[in-house]
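We count residues from 1, following the sequence as given.
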Amino acid sequence: MIKRVGFYREFGGHGDPSASASAPSLRDAVRAAGEWDEDQIVAYLESATEIYSTMGAERDVITGDDWIPGAGSLVTDGSWLWLVELAHYVRNHHMALPSDFVDHIRANGYVSPSLSHEQSLKIFNEYFDRDASHGATAPRSTLRPFFTWYVPALTSTSSAALIKQLGAAGLSVAHPLTDALFGFRETVEGRKGPLMGGPDVLAASLADGQYRDIEFQCWMGYDQSLATHVRRIDPSAQKVTFQIADVPEADREDAVAALVRALDQDAAHCLGFVIDRIGTSGEQDWDRVLVGHGGQLAVLPDIVGIRRERLSAHPEFAAAHCTEYGPLAVFHRPER
């Protein structure tokens with residue numbers, strides 16, 4: 001079972017309201033001076049794996065002055081779990097840490113172990129399952145990594161171009177050996193049927209307004225594929241989602257790189273995109289954030305691209321640094 005450290009009363013329980021009132025006070029842990037190796041301890045806290053990310057910032061509860069970016073995000077070294085802001089309070093207020101946690105950090109040589117996706121997922125689920133047992137509302141995401149982008153409603157020409165772009169990036173919509181496509185398509189009335197044939201059948205289906213959802217496989221070689229889901233959001237836009245969780249962890253960066261290459265070929269027409277290598281933002285309503293009306297961003301994925309003209313509706317991006325990508329402003333989750 002994962003051990004917790006630094007979940008103080010002033011932080012409001014972070015998903016466990018029943019624990020908030022009984023939790024220790026942060027003010028009781030403040031000291032005049034820190035450990036002899038405090039800088040190394042802080043570096044350890046900041047280098048651990050982030051498994052749940054939030055946007056925005058919270059004020060330092062001691063001074064009320066400093067803002068702490070990403071407060072409420074969760075990080076872990078595989079044995080202990082703490083909040084991102086813990087490093088701030090240790091550095092600035094010499095906050096006392098449990099002796100067994102400090103001994104653990106020193107025993108690790110001040111180097112936080114690297115965690116696999118499976119390890120991160122297990123800890124994430126343990127944390128939120130525990131919160132749910134106290135009756136709190138907690139994310140129930142299965143933490144499936146994904147890459148989603150939004151495009152204007154596809155036509156026969158743009159559907160064929162999309163399939164060609166995927167192929168040029170090393171992703172085939174038909175199996176490389178059989179040259180066959182198999183999937184499903186569902187009408188706006190909810191009638192679901194098989195999708196079989198070749199790329200031309202897929203292109204026609206993607207452009208056909210009667211279909212709301214289309215599912216198929218994108219192949220990376222003969223034995224690796226990504227489940228792909230195209231959904232019609234409204235008459236003017238469609239969402240293309242690739243489940244990179246389907247690819248073995250060692251090959252996921254290759255899959256992400258291939259998808260980026262495909263997107264690069266038509267970046268000018270992209271309405272927005274999301275890359276989430278862990279899946280922590282899977283329950284975010286990205287349709288509303290990127291192409292709909294409203295929908296404030298609560299959890300930050302690895303990378304999100306949003307049309308620049310939409311930024312005024314999202315004050316949560318106001319203080320964040322972005323890069324330009326065609327018509328999009330692109331925000332990266334800060335490395336911690």
Please check if the side chain of [X] supplies one atom and the backbone of [Y] the other of a donor-acceptor pair under 3.5 Å.
X    : Y    : result
E316 : L297 : yes
D103 : A107 : no
E10  : L26  : yes
R232 : Q210 : no
T187 : R191 : yes
R231 : K239 : no
R59  : W67  : no
H88  : D60  : no
E35  : I41  : no
H93  : M95  : no

To the nearest 0.5 Å, what is the distance between [atom1] on [X] and [atom2] on [Y]?
X    : Y    : atom1 : atom2 : result
Q165 : D264 : CD    : CG    : 10.0 Å
W286 : S281 : CH2   : OG    : 5.0 Å
D208 : L206 : CG    : CG    : 10.0 Å
L181 : C218 : CG    : SG    : 9.5 Å
D65  : N92  : CG    : CG    : 11.0 Å
E186 : R212 : CD    : CZ    : 4.5 Å

Atom of [X], atom of [Y] and distance for their closest heavy-atom approach:
X    : Y    : value
S158 : A153 : OG-O, 4.5 Å
A169 : A262 : CB-N, 3.7 Å
T241 : T148 : OG1-OG1, 2.8 Å
F7   : P24  : O-CD, 4.5 Å
L166 : L259 : CD2-CD2, 4.4 Å
A237 : L271 : CB-CD1, 4.0 Å

Report yes or no: do [X] and [Y] belong to one cluster of Ile/Leu/Val/Met/Phe/Trp/Tyr joined by side chain heavy-atom distances under 4.5 Å?
X    : Y    : value
L202 : L226 : yes
Y89  : I105 : yes
I244 : V299 : no
Y44  : L115 : yes
Y150 : V240 : no

Close side-chain approach of [X] to [Y], heavy-atom, < 4.5 Å:
X    : Y    : answer
V247 : D254 : no
H175 : Q217 : no
L177 : W219 : no

Which residues pass the ring-ring contact (aromatic ring centres under 6.0 Å, His included) test with F101, sequence neighbours left out?
W80, W82

Taking the six-membered ring for Trp, are F147 and F273 parallel (under 30°), tilted (30 to 60°) or perpendicular (over 60°)?
tilted

Taking everything shown except D179 itself, do over 12 heavy atoms lie less than 6.0 Å from its CG?
no

For A258, enumerate each residue passing the side-chain contact (heavy atoms from CB on, under 4.5 Å) test, keeping only those at least two apart in sequence or located in another chain.
L171, R261

Check residues 301-308 and write down every donor-acceptor pair under 3.5 Å in which the side-chain atom is one partner and the other belongs to a residue at least two apart or another chain.
{"residue": "D302", "atom": "OD1", "partner": "R333", "partner atom": "NH2", "Å": "3.1"}
{"residue": "D302", "atom": "OD2", "partner": "R277", "partner atom": "N", "Å": "2.5"}
{"residue": "R307", "atom": "NE", "partner": "E309", "partner atom": "OE2", "Å": "3.2"}
{"residue": "R307", "atom": "NH1", "partner": "C270", "partner atom": "O", "Å": "3.0"}
{"residue": "R308", "atom": "NH1", "partner": "G326", "partner atom": "O", "Å": "3.1"}
{"residue": "R308", "atom": "NH1", "partner": "L328", "partner atom": "O", "Å": "3.1"}
{"residue": "R308", "atom": "NH2", "partner": "G326", "partner atom": "O", "Å": "3.0"}

Per the side-chain contact (heavy atoms from CB on, under 4.5 Å) rule, which among V230, V201, D213 passes with R185?
V201

